[in-house]
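Labels below follow one simple rule: chain letters A, B, ... track the order of the sequence lines, proteins then strands, and each chain is numbered from 1.
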Protein chains: 2
Amino acid sequence: MHKYSKQTRLLLAVDCIILGFDGETLKILLIKRDFQPEKGNWSLMGGFVQPEESIDQAANRNLKQLTGLQGVYLEQLHTFGATKRDPIERTVSVTYFALIDINKYQTQLSQDYHAEWFPLKRTPKLIFDQQEMVEAARKQIRYKAAMHPILFELLPTKFTIPQLQTLYESVFNTAIDKRNFSKRVLATGLLIKLADKDKAGSKRGAFYYQLNMQNYYAKFQAIMNFIPNPDTL
Amino acid sequence: MHKYSKQTRLLLAVDCIILGFDGETLKILLIKRDFQPEKGNWSLMGGFVQPEESIDQAANRNLKQLTGLQGVYLEQLHTFGATKRDPIERTVSVTYFALIDINKYQTQLSQDYHAEWFPLKRTPKLIFDQQEMVEAARKQIRYKAAMHPILFELLPTKFTIPQLQTLYESVFNTAIDKRNFSKRVLATGLLIKLADKDKAGSKRGAFYYQLNMQNYYAKFQAIMNFIPNPDTL
DNA sequence: GCAAAAGTGTTAAATTTACACCCATGA
DNA sequence: TCATGGGTGTAAATTTAACACTTTTGC
């Protein structure tokens with residue numbers, strides 16, 4: 001017995017929803033599609049799964065191709081399998097969402113793809129059912145970040161508490177009291193205070209912190225309340 | 001342009017992790033696989049995705065084939081895509097997990113598959129990477145049930161609070177104070193008290209409740225604390 | 001010296017936990 | 001009558017929410 005001979009085989013693709021944070025706004029990295037159909041339109045980075053790679057590998061490969069980054073936060077999101085989602089030929093797409101430090105993103109690598117960052121809230125029209133994919137990612141990042149410390153993946157190694165707060169406020173589209181926020185965050189034991197300050201944001205400067213990686217990995221799966229009233233998920 | 005001509009096509013399957021509750025234990029429905037490879041071994045219900053059906057439809061079809069049930073809680077879980085997970089031929093599998101009222105499950109339908117319920121905690125050895133799939137489902141049901149009222153899907157239309165509590169205790173493998181539990185559950189506004197009692201569990205009998213469907217759908221996405229200390233997820 | 005952002009502490013309110021007794025009934 | 005599971009309330013502890021002033025420093 002060598003094959004499941006009577007079964008139909010399908011195209012399988014991965015699509016990556018790549019999110020970054022520029023200090024103000026949560027952004028998504030899109031490319032200009034360079035082949036038909038929908039050539040020239042904005043699209044997620046993605047491509048077909050190759051015969052000798054797993055789907056996780058395919059997602060990582062695509063992410064690296066576009067951003068030059070490896071080892072970043074990448075999580076399988078959902079698989080889209082409507083029969084007509086690709087008008088050319090039936091293609092099932094496994095979506096992944098990636099959180100990257102936007103500063104590490106290397107422009108030159110992406111020149112080939114004409115990639116651009118867009119505010120997640122003002123994403124241009126996307127091809128096929130990709131709008132739906134982005135919507136799923138938006139929900140998932142909120143859902144997960146309300147309970148797990150994933151948003152640190154969007155920041156550089158050194159970051160300040162005001163930066164972190166802006167990030168949370170941007171993801172949840174809400175204002176958070178800074179006194180309560182810093183208490184809450186510091187109480188997790190996830191942060192290590194550094195000696196130097198970031199003077200970019202203010203004259204006085206804000207202390208840098210970095211993640212306590214030990215605690216970070218240990219507590220990653222634990223449920224933490226980072227958001228006051230996480231009802232609007 | 002008619003096809004993505006240079007790409008390789010793959011087999012795509014769905015596998016269903018079907019969970020039920022018999023009043024004591026959380027159980028999983030497995031079948032005896034009736035074709036090679038691994039013929040005669042325990043397996044999840046599943047099958048190949050057909051060309052004219054979506055993957056959601058494929059999952060629903062499989063679920064109906066085995067249980068006779070339609071319209072039950074069915075949620076896409078994860079897609080497994082390692083290259084060698086099926087030794088015969090590369091097959092990517094999209095897993096779904098289903099929660100059903102075990103009483104509605106129709107035995108005669110499943111005779112063809114030699115289906116059997118097993119305690120989720122004592123699942124027999126499964127084929128391929130299905131052990132991993134079941135593990136993912138176990139995690140997901142806890143994760144989701146800690147915050148969303150999905151466990152009602154496992155109960156009949158009429159159920160008692162002690163039954164509900166046993167279910168939660170069984171899923172989370174923990175003892176819950178019955179006073180606090182009933183307060184918590186009743187506070188959600190999800191339950192309607194009925195006039196009659198279930199006399200099966202005790203001499204005194206316990207009042208039946210049913211879901212307030214209006215509130216159930218409205219609050220389904222909201223985050224609720226059903227479990228005292230949801231740390232062990 | 002002043003504008004602009006950083007940093008910090010207390011009090012009230014709400015939520016969560018712990019805990020024990022009476023009730024109804026079939027055997 | 002008694003054994004079994006059903007049903008309920010209160011007080012303490014914890015957690016969360018609300019809120020305002022001082023510090024630093026570049027201009």
Less than 3.5 Å apart, which donor and acceptor atoms pair up between the side chains of residues 185-203 of chain A and the rest of the protein, not counting sequence neighbours?
unit_1, atom_1, unit_2, atom_2, d
A:T188, OG1, A:V185, O, 2.6
A:T188, OG1, A:L190, N, 3.1
A:D196, OD2, A:K158, NZ, 2.6
A:K197, NZ, A:R204, O, 3.4
A:D198, OD1, A:A200, N, 3.1
A:D198, OD2, A:Q163, NE2, 3.3
A:K199, NZ, A:K203, O, 3.3
A:S202, OG, A:G205, N, 2.9

Q. Over how many whole Å does the gap from A:K178 atom NZ to D:dA18 atom C1' extend?
A. 15 Å
Q. Given atom CG of A:D198 and atom P of D:dG26, what is their separation to the nearest angstrom?
A. 13 Å
Q | Nearest-Å distance for atom pair CZ/C1', residues A:F181 and C:dG9 | A | 19 Å
Q: Kindly say whether A:P149 contributes a backbone atom to a donor-acceptor pair with the side chain of A:Y216 at under 3.5 angstrom?
A: yes
**Q.** Partner set under ring-ring contact (aromatic ring centres under 6.0 Å, His included) for A:Y209, not counting sequence neighbours
**A.** none
Q. Among the nucleotides C:dG7, D:dT10, D:dG6, which one has an atom lying closest to any side-chain atom of A:P162?
A. C:dG7
Q. Of all residues at least two apart in sequence or in a different chain, which pass the salt bridge (charged side-chain N to carboxylate O under 4.0 Å, His left out) check with A:R33?
A. none
Q: Would you mind reading off the distance between B:K193 atom NZ and D:dG6 atom C1', rounded to a whole angstrom?
A: 10 Å
Q. Once you round it to whole Å, what is the distance between P of D:dT14 and CG of B:N180?
A. 16 Å
Using distance only, find each side-chain donor-acceptor pair of residues 113-122 of chain A under 3.5 Å and give its atom names and separation, not counting sequence neighbours.
unit_1, atom_1, unit_2, atom_2, d
A:Y113, OH, A:Q65, OE1, 2.9
A:K121, NZ, A:N173, OD1, 3.3

Q) Between A:K183 and A:A206, which is nearer to the 5' end of DNA chain C once each is assigned its nearest nucleotide? A) A:A206
Q | side-chain hydrogen bond (donor to acceptor under 3.5 Å, both in side chains) partner of B:Y96, chosen from B:D56, B:N60, B:N62 | A | B:D56
(Q) Can you measure B:L164 atom CG to D:dG6 atom C1' for me and round it to whole angstrom units? (A) 15 Å
Q) Start at the 5' end of DNA chain D and walk down; is the nucleotide closest to A:R179 or to A:G205 reached first? A) A:R179
Q) If each of B:Q163 and B:D177 is mapped to the nucleotide of DNA chain D with the nearest heavy atom, which maps nearer the 5' terminus, i.e. the 5' end? A) B:Q163
Write down the protein N/O and nucleotide N/O pairs, taken from nucleotides 22-24 of chain D, whose separation is under 3.5 Å; answer none if there are no such pairs.
unit_1, atom_1, unit_2, atom_2, d
D:dT23, O2, A:R204, NH1, 2.4

Q: Check ring-ring contact (aromatic ring centres under 6.0 Å, His included) between A:F152 and all other residues, then give those that pass, not counting sequence neighbours.
A: A:F159
Q: Figure out the OH/P separation between A:Y208 and C:dA6, and round it to whole Å.
A: 12 Å
Q.
Side-chain N or O of A:R184 versus OP1/OP2 of D:dA17: is the shortest distance under 4.0 Å?
A. yes
Q.
Distance check needed: C:dT8 P versus A:Q165 CD, whole Å only.
A. 14 Å
